[in-house]
Amino acid sequence: MSTIDEKSTNWIEKVYAMVRQIPRGKVTNYGTIADHIGVKATSRMVGWAMNASHAATPKVPAHRVVNRNGVLTGKHHFATPTLMQDLLEAEGIQIIDDKIVDFKKHFWQPS
DNA sequence: TCACTGACCGTGG
DNA sequence: ACCACGGCCAGTG
């Protein structure tokens with residue numbers, strides 16, 4: 001705490017940076033992020049990192065990150081269980097049963 | 001100090 | 001096609 005950190009949890013910051021790079025109206029999944037980071041990090045770690053993303057600056061659009069099934073797995077972790085779906089719908093993404101429609105079409109992947 | 005869990009994904013039988 | 005297991009980091013009890 002105090003002062004901004006250093007090198008520890010460096011891979012976590014990479015996750016934040018990648019999620020912030022996601023354009024509006026697009027979504028990605030944990031595996032792709034972890035894989036692109038190319039470090040010792042798996043999807044589980046990415047999800048855990050996002051758990052602390054609420055303290056990251058600037059805020060990380062975690063609502064654009066879903067699981068491989070295109071399901072809003074982390075919606076329950078938001079301020080409200082419907083906030084994630086509401087944000088995605090606001091970006092033009094249709095969601096049915098907590099699942100993104102045409103997930104592949106809205107899927108975004110880092111270069 | 002040790003052990004388990006966590007917003008997951010891929011592979012094997 | 002379905003079920004079970006391993007992997008990786010950090011935080012909490």
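The structure displayed is predicted, hence computed values, not measured ones. All values below come from the heavy atoms of this structure, side chains included, with hydrogens, waters and symmetry mates left out.
Rounded to an integer number of Å, the gap from A/Asp35 CG to B/dC9 P is 12 Å. Here C/dG11 presents its P atom at 13 Å from NE2 of A/His54, a figure rounded to the nearest Å. Here the P atom of nucleotide B/dC8 and the CG atom of A/Asn69 are 10 Å apart, to the nearest Å. Here the P atom of nucleotide B/dC9 and the CD atom of A/Gln109 are 14 Å apart, to the nearest Å. Regarding A/Tyr16, its OH atom lies at a distance of 12 Å from the P atom of C/dA10, rounded to whole Å. As rounded to whole Å, 14 Å separates atom P of B/dC9 from atom CD1 of A/Ile37. Here B/dC9 presents its P atom at 6 Å from CG of A/Asn29, a figure rounded to the nearest Å.
Hydrophobic cluster membership of A/Leu72, counting Ile, Leu, Val, Met, Phe, Trp and Tyr whose side-chain heavy atoms lie under 4.5 Å apart directly or via other members: A/Val27, A/Val66, A/Phe78, A/Leu83, A/Met84, A/Leu87, A/Leu88, A/Ile93, A/Ile95, A/Ile100, A/Phe103, A/Phe107.
In this structure A/Asp98 satisfies the side chain to side chain donor-acceptor pair (under 3.5 Å) test together with A/Lys75, sequence neighbours excluded. Judged as a side chain to side chain donor-acceptor pair (under 3.5 Å), and not counting sequence neighbours, the contacts of A/Glu91 are A/His63, A/Arg64. Residues satisfying the side chain to side chain donor-acceptor pair (under 3.5 Å) test with A/Ser53, not counting sequence neighbours, are none.
Note on A/Thr32: nothing from the nucleic acid sits closer than 4.0 angstrom, heavy atoms only. Within 4.0 Å of A/Asn67, counting heavy atoms only, lie sugar-phosphate atoms of the nucleic acid but no base atom.
A side-chain donor-acceptor contact under 3.5 Å links A/Asn29 and A/Thr32.
Atom P of C/dC5 sits at a distance of 15 Å from the matching atom of B/dC4, rounded to the whole Å.
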Exercise for the section: For nucleotides 3-9 of chain C, just jot down a letter per nucleotide in 5' to 3' order: B, S or -, based on protein non-hydrogen atoms under 4.0 Å. Expected result: ----BBB
Under 3.5 Å donor-acceptor pairs involving side-chain atoms of residues 17-26 of chain A, not counting sequence neighbours:
unit_1, atom_1, unit_2, atom_2, d
A/Arg20, NE, A/Tyr16, O, 3.3
A/Gln21, NE2, A/Ala17, O, 3.1
A/Arg24, NH2, A/Ala90, O, 3.2

